[in-house]
Each structure stands twice: as C-alpha cells, then as structure tokens.
Amino acid sequence: MNFCRIVIFLLYIYCWISAKPILSNNSFLSKEGSSQIPSEFLNIAKRSEMFEWMVKVRRTLHENPELGFEEFETSKLIRTELDKMGIPYKYPIAVTGIVGFIGTGKPPFVAIRADMDALAMQEGVEWEHKSQVPGKMHACGHDAHVAMLLCAAKMLQEFKDELKGTVLLVFQPAEEGGGGAKKMLEAGILEHVEAIFALHVASRYPIGTVTTKPGPILAGGGFFEAVISGKGGHAAIPHHTIDPILAASNIIVSLQHLISREADPLDSQVVTIGKIKGGSAFNVIPDSVTIGGTFRAFSKHSFLQLRRRIEEVIVSQAAVLRCNASVVFDTNEQPFYPETVNNNDLHNHFLKVAGNMVGAKNIIEAKPRMGMEDFSFFAEAIPGYFYYVGMLNESQGHLESGHSPYFKVNEDVLPYGAALHASLATTYLLEHNLELSLQERESSSDEL
C-alpha cells in the first residue's frame, strides 16, 4: 500500500514539473537569458500536445478554405481558440479580421501577423484532409500561418505577466490580391505599434532553415484588365469583320517589349498576361476579347512608368487593327501593392533571434523576388519584417511552390514558425525596455 502511495506521489510530482513553464522568470526577463528564449519556445512548440494541436487546427482550416473577405468560419475558429486562451481581441476589422492583445496593454507595442485566406483553385492533392470546398484551396500555406500564430498566442499567454509591453496578434483577411492589410491599416490597427513581423512557409528551403534579407525583398505590383472591342462575324469572311483576337494577340506580344526593350535590364520588372477570354466557336470571330494580367517592379518610378505604358500600348495597338480598347486598373478591388521592404534594425534583431534558434549557418540570404505580398502596406507604415521558414524534407519528396494545385505543407515546420513569432515579439519588447532603462540611467547620470 505504501509503495502504491509513493508511486502516485512521484507521478504527481512528475506531472507538476512537466506542466511548469520551461522558461524561468530569470531567463525570460534578464538580458543574459534572452539568448535562450528562442530555443526554449521551440522546445515548447515541439511538445507532442502542442504540435498535435497545431496540426489539428491547420488541417481543419485546410478542409474548409475561404476566399478573401469571406473567412467567416476561419475567423470563428480563431476567435473560439482565443476565447479558450482568455485572450481579448477586437473583431470584426476589415470584414473578417481579428486583432488579439497579450501583455500589459501598455507600450511598447509589437505585432505579429498571419494571413487567413485561400485561393480559388481546385486541390489536386489526394489525402485525408483534402479541401471539401470545390474550387477553393489553401494553396499558399495560410492555414499553416494561422496555426502558427495561434500556437504563438498560446505560448505568449502562458507568460503574459512577464511580457514587458503588449503583443498584437494580427489575423488578416484577403492577402491574395484583396489588399486586406491595407484595409486593416486604414482601420487603425497599428496605431502606437512600433514594429510588425510576418512569415511565410517556403517549399524550396530545408526544414530548420530561415530565409530573408534586409531592404527590398518582394516587388510592388498591381493588376489590370482590358476589353478589346471589334466586330464579330464568320471566320470564312474575315474582311467583313474587325478581329479583336488578332488585336489582342498583337497587344500581348507588344506588352512583352516593355520589359525587353524599354526597361533597364538591371531594374527587375515583369508584365504577365494571365487571362484571355474571347470567342466560343471555331468558325466565329467574336465581337470582343478580354485580357487581364499583372505588372511588377522594385521601384515606384518603374511601377508608375509600367502602368502608363501598359495603357498606351493596349489602346494604340488595338487602334492599329481598327479596334477600340478600354483598360481598367481596379484599385478598389485589387489595390496596387508597394514593394515589401525589410527594416534594417529589425533585420539585425531577426538575425540574433533566428541564430539563437536554428544557428547562424541555417539563415539563408534571400534574393529579391517578383512576388507581391500585402504585408508591404504594414511595412510601409511602420518598421516591418518579412521572412521565410523552410519546410523541405528531401526524404519526403519534392514540394510544389505556392499557388500550385499540388501544394503541400510539411507540418514539421509548424513549431519553427510558432516559436519565431513568439521569440521575435518577446525579445523585441525585452530589448526595447532595456534600451529605455539604459537611457534613463544615462539621463540620471547626466543630471548628477
């Protein structure tokens, strides 16, 4: 009987120790202990119960994808989890967006962000948790981003009384072309916020690595649509028609000349036509053709020059073949995105935090990419920082890049993203307070 009591007592002690936070007050609050914070958060995020919970959240979201500004069930799931954690939040912001708050409720304020929306495409991956919504898919990893931020929230809430300021949890709608960040910014969510961080999963880089760079990392860009109008008729008598298909063909070719013959070869720019719609029969010339595309650049001057020339080329080339053309840049539905620029001071902060987590050798310098990211609206307003978290495990096979119907997430990446979120925010607040303390001491010394 005594032996059984001893065993029960020892089990109780073991469970009590296991349930205690890994980080001690000293390691969390002291400058000397700050270097341990990233690895400690990673240890917590890798715990089986935490990892399995993240996987469950991610797979639930993956089965139920929602497009930009339609993320009502996604938002409901997030709010339910925040309620369980006891984290206050504001909702709705920009239709479906949420901003949670952890910490003192007082300055300094730092934000960490996840995007929530899916893409309008049919999933091609056959697996147990395939999208249950026809024509919609989480093909860019935003389901994983939400799961990571929720896990970071869970960890941060455990240490809320030790935070030296306030962390904002930004769950953002409509990243995929809808400019959800712009609408959240216009709603004032970053008022008094001093810095904001965001991540993206990366298929090309190994698990356990991160990829980033200071300065411009992603291009600015926008979208356009044009209608080329002619006169339809029978394909056998084209001289009785004004052929908009031929005009559209010339326009598409001429638009490529904007890059090959007008742009500085050292100034990265892109014009791509991704949509053509016109005609429905082999032997009928249609009345009109609609084309649509995107244009990207790394400088505001180049971007505005491209916009002007795109319209000129479309209208002029249509006129050459006797057609009329109208060009629409619908900035209400699809706003122009600024280039995404990483703040230099935050880059140094990231290198230190990521280095303490994955090691300096696993921080890969990124090359600027022509992709767009509406985190750029946040980073244009306040110091911002955007980085990639590798998820490739070559033993598990090739991973398709984002926006592919065969895109997959290696869920082993989840703890890394969650831990980076939590570490970047807590150490930012910690170091900010240490700087203030040093300034106060220097001020007091000057007065003496």
Side-chain angles (χ1 to χ4, degrees), residues 65-70 117-124 131 133-140 142 174-180 218-232 242-260 263 269-282 284-297 303 306-321 323-337 369-374 400-407:
E66 297 174 300
L67 303 182
F69 298 122
E70 298 175 3
D117 55 326
L119 286 155
M121 59 196 313
Q122 184 67 35
E123 181 165 11
S131 170
V133 184
K136 297 179 185 178
M137 176 193 175
H138 270 294
C140 202
H142 296 186
E175 188 278 327
E176 298 289 356
L218 290 165
F223 302 93
F224 64 92
E225 186 173 83
V227 178
I228 298 96
S229 301
K231 177 184 176 184
I242 300 175
D243 190 348
I245 289 182
L246 183 59
S249 301
N250 281 7
I251 287 168
I252 292 169
V253 172
S254 296
L255 288 174
Q256 300 311 304
H257 295 163
L258 296 180
I259 306 302
S260 66
Q269 299 178 40
V270 166
V271 177
T272 295
I273 298 298
K275 181 174 91 170
I276 305 176
K277 184 179 180 181
S280 57
F282 294 112
V284 177
I285 293 172
D287 286 322
S288 67
V289 173
T290 300
I291 64 173
T294 183
F295 59 111
R296 316 282 173 96
F303 177 77
L306 266 183
R307 183 199 184 284
R308 181 179 65 82
R309 289 293 288 138
I310 285 168
E311 186 166 14
E312 288 177 353
V313 167
I314 292 174
V315 172
S316 299
Q317 279 293 337
V320 168
L321 291 168
C323 289
N324 296 315
S326 61
V327 187
V328 176
F329 300 88
D330 190 350
T331 54
N332 290 322
E333 291 296 323
Q334 296 178 314
F336 293 157
Y337 286 21
R369 298 171 60 184
M370 298 308 295
M372 297 189 314
E373 167 58 65
D374 80 348
E400 295 292 337
S401 61
H403 294 216
S404 164
Y406 299 100
F407 176 83

Verdict with supporting geometry, I273 and F224, side chain to side chain contact (heavy atoms under 4.5 Å, CB included): CA-CA 9 Å; I273 298 298; F224 64 92; 3.6 Å; yes
Can you give me the closest heavy-atom contact between [X] and [Y], atom names plus distance?
X	Y	value
V315	A325	CG2-O, 4.0 Å
V289	P286	CG2-CG, 4.4 Å
E175	H142	OE1-CE1, 3.4 Å
K231	I285	O-CG2, 4.4 Å
G179	P335	CA-CG, 3.8 Å

Side chains of [X] and [Y] in contact at under 4.5 Å (non-hydrogen atoms):
X	Y	result
L119	H403	yes
D287	P244	no
I291	I228	yes
I276	I252	yes
F329	Q334	no

How are the rings of F295 and F303 set to each other: parallel, tilted or perpendicular (split at 30° and 60°)?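 The arrangement is parallel - the two ring planes meet at less than 30°.
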How long is the gap from [atom1] on [X] to [atom2] on [Y], to the nearest 0.5 Å?
X	Y	atom1	atom2	answer
L67	M121	CG	CE	11.5 Å
T290	K277	OG1	NZ	7.0 Å
E312	S254	CD	OG	13.0 Å

Give the intermediate values and the outcome of side chain to side chain contact (heavy atoms under 4.5 Å, CB included) for residues I259 and V270. CA-CA 7 Å; I259 306 302; V270 166; 5.6 Å; no
Output yes when a side-chain donor or acceptor of [X] lies under 3.5 Å from a complementary backbone atom of [Y], and no otherwise.
X	Y	value
S404	E400	no
Y406	S401	no
E123	P405	no
Q269	L306	no
T294	G222	yes
D117	E176	yes
R296	G221	no
N324	S229	no

Taking it one step at a time, do K275 and E225 satisfy salt bridge (charged side-chain N to carboxylate O under 4.0 Å, His left out)? CA-CA 9 Å; K275 181 174 91 170; E225 186 173 83; 2.3 Å; yes
In terms of heavy-atom contacts, does CD of E333 have more than 12 from other residues, nucleotides or ligands at under 6.0 Å? no
With L321, the side-chain contact (heavy atoms from CB on, under 4.5 Å) member among I245, I242, N250, D243: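 Considering I245, I242, N250, D243, a side-chain contact (heavy atoms from CB on, under 4.5 Å) with L321 is found only for N250.
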Between K136 and E70 (salt bridge meaning N to carboxylate O under 4.0 Å), is one present in this structure?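 Yes, this pair counts.
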Let me see the working for M137 and Q122 under side chain to side chain contact (heavy atoms under 4.5 Å, CB included), right down to the final yes or no. CA-CA 6 Å; M137 176 193 175; Q122 184 67 35; over 6 Å; no
